[in-house]
Amino acid sequence: MSEIHIPELSLVVLIGISGSGKSTFAERAFGPFEAVSSDHCRGLVSGDTTDQAATADAFDLLYYLVGKRLDRGLLTVVDATNVTRQARAGLVRLARDHDVLPAAIVLDVGTEVAVARNAARRDRSFGAGVVRRKAADLRQSIRRLKKEGFRSVHVLHGVEEIQDATIVRDR
Ligand code: GTP
Ligand code: MG
């Protein structure tokens, strides 16, 4: 069992391709209101959690929610793919603007596992090509995360490591 140590007040940024298990991990490892999901925000602004045309409004809402929570001194988890440097840069800035430490947790499940899971999902219709491209993007970015400003970087490799990981909050 591996322990992931994070400061009690952190902005936890989950990073992983679609199907890597971010939402499942967030539900198991964090409290019911701690994770803010981009898909949930898409649903709130458009009525459809998969509506890609609602992305800009969904992220406006996500940033607003996360900012309010951080101002209240509440640990917050961002459940979005965060595979691009641009997406992560915005969240590092958001954490800094609220005097909170950003922590990265990478769910590196293996591309074929994610592709197979997504094929079995009714709420996802991404082609395997898209998922494979994103997996390649992610592999490139893992070693740069510290330089991007994340105070701590935790990379979980494979299904078992992801399932076994537990979160420890340091005061
Ligand atoms: P997106 O929201 O599309 O970015 O995906 P996600 O990273 O949030 O993945 P999610 O947690 O929704 O998991 C995708 C699928 O894999 C779901 O059907 C889950 O039930 C399944 N899944 C996630 N984690 C595990 C796991 O540890 N074991 C098994 N067997 N299935 C898992
Ligand atoms: Mg999800």
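Order of appearance sets the numbers: ligands from 1, and atoms from 1 within every ligand. Just so it is clear, the structure is predicted and the values come from calculations on it, not from any experiment.
Counting heavy atoms from C-beta outward, Ile15 and Leu107 have side chains that stay 4.5 Å or more apart. A 4.5 Å side-chain heavy-atom check between Arg169 and Leu75 finds at least one atom pair inside the cut-off. With contacts defined as side-chain heavy-atom distances shorter than 4.5 Å, the pair Thr50/Arg124 qualifies. Side-chain contact check for Ser46 versus Asp57: every heavy-atom pair is 4.5 Å or farther apart. Side-chain contact between Cys41 and Leu62: present, with at least one pair of heavy atoms (C-beta onward) separated by less than 4.5 Å.
The pair Lys68-Asp71 does not count as a salt bridge, with every side-chain nitrogen at least 4.0 angstrom from each carboxylate oxygen. Using a cut-off of 4.0 Å between Lys/Arg side-chain N and Asp/Glu carboxylate O, Arg88 and Glu148 are scored as salt-bridged.
For the Mg ion (ligand 2), protein N, O or S atoms closer than 2.8 Å were enumerated as Ser23 OG, with waters left out.
With Asn82 contributing its side chain and Leu14 its backbone, the two residues share a donor-acceptor pair below 3.5 Å. In this structure, Thr76 contributes its side chain and Leu74 its backbone to a donor-acceptor pair below 3.5 Å.
Sorted by chain and number, the heavy-atom contacts of ligand 1 below 4.0 Å come from Ile17, Ser18, Gly19, Ser20, Gly21, Lys22, Ser23, Thr24, Asp39, Thr81, Arg117, Arg121, Arg124, Gln163.
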